[in-house]
Engineer: 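Just dropping this structure here.
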Amino acid sequence: IFVILMHPDIQGHKLLFLKNFLAAMKDRAWFGSLSDYGSWWSARKNVGVDIRRGENSISVDLTSPQLIEGVTLEIPAGYSLPASPAHAGMKQFENRVSIERLHGKATILLNKSE
C-alpha cells in the first residue's frame with residue numbers, strides 16, 4: 001500500500017515524482033480511492049468459502065453476495081488449477097489462485113500434481 005501525500009505549494013519536482021511513480025507502477029499496482037479500498041474490504045469480508053477434499057483433488061466453493069474483483073486464495077503446495085472453461089478468469093501464481101471477478105457462486109477444482 002502506498003499513500004502519497006502531496007502539498008500543492010511546490011508542483012515542479014513533486015508532480016514529476018508522482019507522474020514517474022504512477023508510470024512505473026501502473027502494471028504492478030491497483031489504484032483507487034479510499035472509498036474503493038473500503039468497498040473492496042467490505043465485499044471481501046462477506047466471501048464464503050467451503051472446502052471439500054478428495055483423494056487427489058480439492059474443491060473450493062466460493063460465494064459472494066457482492067461483486068468483488070481481485071480475490072486471491074492461497075492453496076496447498078502440490079496442487080494446481082487445471083486449464084478449463086470453468087476456471088476462466090482465474091490464474092495460478094505459485095501457491096496462489098487469483099480470481100478476476102466473483103459475484104454469486106464459483107467453484108475452483110484443484111488437482112494434486114504428480
Side-chain angles (χ1 to χ4, degrees):
I1 297 175
F2 297 99
V3 177
I4 299 173
L5 174 62
M6 293 182 54
H7 293 278
D9 59 337
I10 301 172
Q11 294 179 358
H13 67 281
K14 291 181 181 182
L15 189 56
L16 181 61
F17 167 81
L18 182 61
K19 286 181 180 181
N20 289 337
F21 181 83
L22 295 177
M25 297 301 291
K26 71 177 180 182
D27 295 330
R28 299 176 19 198
W30 170 83
F31 295 90
S33 68
L34 191 55
S35 177
D36 294 335
Y37 186 71
S39 295
W40 187 90
W41 276 104
S42 177
R44 164 62 182 83
K45 77 176 175 89
N46 291 317
V47 173
V49 180
D50 186 34
I51 300 170
R52 293 182 311 280
R53 189 178 284 263
E55 188 174 323
N56 293 310
S57 65
I58 297 174
S59 180
V60 181
D61 292 324
L62 301 170
T63 56
S64 180
Q66 299 168 265
L67 172 65
I68 184 167
E69 297 179 353
V71 174
T72 301
L73 302 175
E74 278 193 44
I75 62 173
Y79 284 85
S80 60
L81 184 67
S84 72
H87 293 105
M90 299 181 195
K91 296 178 185 170
Q92 183 172 348
F93 303 95
E94 297 174 358
N95 69 328
R96 291 180 299 279
V97 171
S98 176
I99 304 159
E100 243 177 65
R101 297 171 55 92
L102 176 63
H103 189 208
K105 296 181 181 183
T107 298
I108 302 171
L109 179 63
L110 302 166
N111 294 323
K112 192 169 190 175
S113 305
E114 295 179 16

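Heads up: numbering here begins at 1 and tracks the sequence.
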Engineer: Is the side chain of Gln92 donor-acceptor paired with the backbone N or O of Glu94 at a distance under 3.5 Å, no angle test?
Structural biologist: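 At least one qualifying donor-acceptor pair exists.
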Engineer: Atom CE of Met25 and atom CZ of Phe31: how far apart are they, to the nearest 0.5 Å?
Structural biologist: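 CZ of Phe31 is found 6.5 Å from CE of Met25.
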Engineer: Does a sphere of radius 6.0 Å around CD1 in Ile4 hold more than 12 heavy atoms from other residues, nucleotides or ligands, not counting ones at 6.0 Å or beyond?
Structural biologist: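 Atom CD1 in Ile4 is crowded, with more than 12 foreign heavy atoms closer than 6.0 Å.
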Engineer: Could you verify whether a donor N or O on one side chain and an acceptor N or O on the other, from Arg52 and Ser59, lie under 3.5 Å apart?
Structural biologist: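 Yes - a donor-acceptor pair under 3.5 Å links their side chains.
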Engineer: State yes or no: do Leu109 and Val47 share one hydrophobic cluster built from I, L, V, M, F, W and Y residues joined by side-chain heavy-atom distances below 4.5 Å, directly or via other members?
Structural biologist: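 Different clusters: Leu109 never reaches Val47 through Ile, Leu, Val, Met, Phe, Trp or Tyr contacts under 4.5 Å.
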Engineer: Which value, rounded to the nearest 0.5 Å, describes the distance between Lys45 atom NZ and Ile68 atom CD1?
Structural biologist: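 Going from NZ on Lys45 over to CD1 on Ile68, the span is 11.5 Å.
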Engineer: Applying a strict under-4.5 Å side-chain criterion to I, L, V, M, F, W and Y, I'd like to know whether Leu67 and Val71 cluster together.
Structural biologist: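 No, Leu67 does not connect to Val71 through the hydrophobic network.
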Engineer: Any heavy-atom pair between the side chains of Asn46 and Thr63 that's under 4.5 Å?
Structural biologist: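 Side-chain contact under 4.5 Å: no.
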Engineer: Got a sec, which pairs hit salt bridge (Lys or Arg N to Asp or Glu O under 4.0 Å) with one end in residues 16-29, sequence neighbours left out?
Structural biologist: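 Output for this query is empty, none listed.
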Engineer: Do Ser33 and Asp36 pair up side chain to side chain, a donor and an acceptor below 3.5 Å, judged on atom types alone?
Structural biologist: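 Per modelled atom types, Ser33 and Asp36 side chains form a pair under 3.5 Å.
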Engineer: Between Phe93 and Ser98, which heavy-atom pair has the shortest distance, and what is it?
Structural biologist: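 Distance-wise, the nearest heavy atoms are CE1-CB, 4.2 Å.
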Engineer: Once rounded to the nearest 0.5 Å, what's the spacing between atom CG of Leu81 and atom CG of Leu110?
Structural biologist: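 Between atom CG of Leu81 and atom CG of Leu110 there are 6.5 Å.
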Engineer: To the nearest 0.5 Å, what is the distance between CG on Leu18 and CD on Gln11?
Structural biologist: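 Reported value, rounded in 0.5 Å steps: 11.5 Å.
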Engineer: Are Trp30 and Met90 grouped together when hydrophobic residues (ILVMFWY) are joined by side-chain heavy atoms under 4.5 angstrom apart?
Structural biologist: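 In one cluster with Trp30: Met90, yes.
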Engineer: Does the Ser39 side chain pair with the main chain of Ser35, one donor and one acceptor, at a distance under 3.5 Å?
Structural biologist: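 Yes, the answer is positive, given that a donor and an acceptor are paired below the 3.5 Å cut-off.
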Engineer: Any chance you could lay out the side-chain contact (heavy atoms from CB on, under 4.5 Å) test for Leu102 and Leu62, step after step, and finish with the verdict?
Structural biologist: CA-CA 8 Å; Leu102 176 63; Leu62 301 170; 4.0 Å; yes
Engineer: Counting distance only, does the side-chain N/O of His103 pair as donor-acceptor with the main-chain N or O of Pro65 below 3.5 Å?
Structural biologist: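 Side chain of His103 to backbone of Pro65: a pair is present.
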Engineer: Which distance, rounded to the nearest 0.5 Å, do you find between the CG of Asn95 and the CD1 of Ile75?
Structural biologist: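 The distance works out to 6.5 Å.
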Engineer: Should Leu5 and Leu16 be counted in the same cluster of Ile, Leu, Val, Met, Phe, Trp and Tyr side chains packed under 4.5 Å apart?
Structural biologist: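 No, separate clusters.
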Engineer: Spell out, yes or no, whether Val97 and Val60 are grouped together once hydrophobic residues are joined by side-chain heavy atoms under 4.5 Å, including indirect joins.
Structural biologist: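 Same cluster.
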Engineer: According to the salt bridge (Lys or Arg N to Asp or Glu O under 4.0 Å) rule, which pairs have a member within residues 4-17, sequence neighbours left out?
Structural biologist: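 Checked against salt bridge (Lys or Arg N to Asp or Glu O under 4.0 Å) - neighbours excluded - the pairs reaching residues 4-17 are Asp9-Lys14.
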Engineer: Between Arg101 and Glu69, is there a salt bridge with N-O shorter than 4.0 Å?
Structural biologist: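 Between Arg101 and Glu69 there is a salt bridge, with a charged N closer than 4.0 Å to a carboxylate O.
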Engineer: Is there a donor-acceptor contact under 3.5 Å linking the side chains of Ser80 and Asn111?
Structural biologist: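 No donor-acceptor contact under 3.5 Å links the two side chains.
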Engineer: Looking at CG of Leu15 and CG of Asn20, how far apart are the two atoms once the value is rounded to the nearest 0.5 Å?
Structural biologist: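 One finds 9.5 Å between CG of Leu15 and CG of Asn20.
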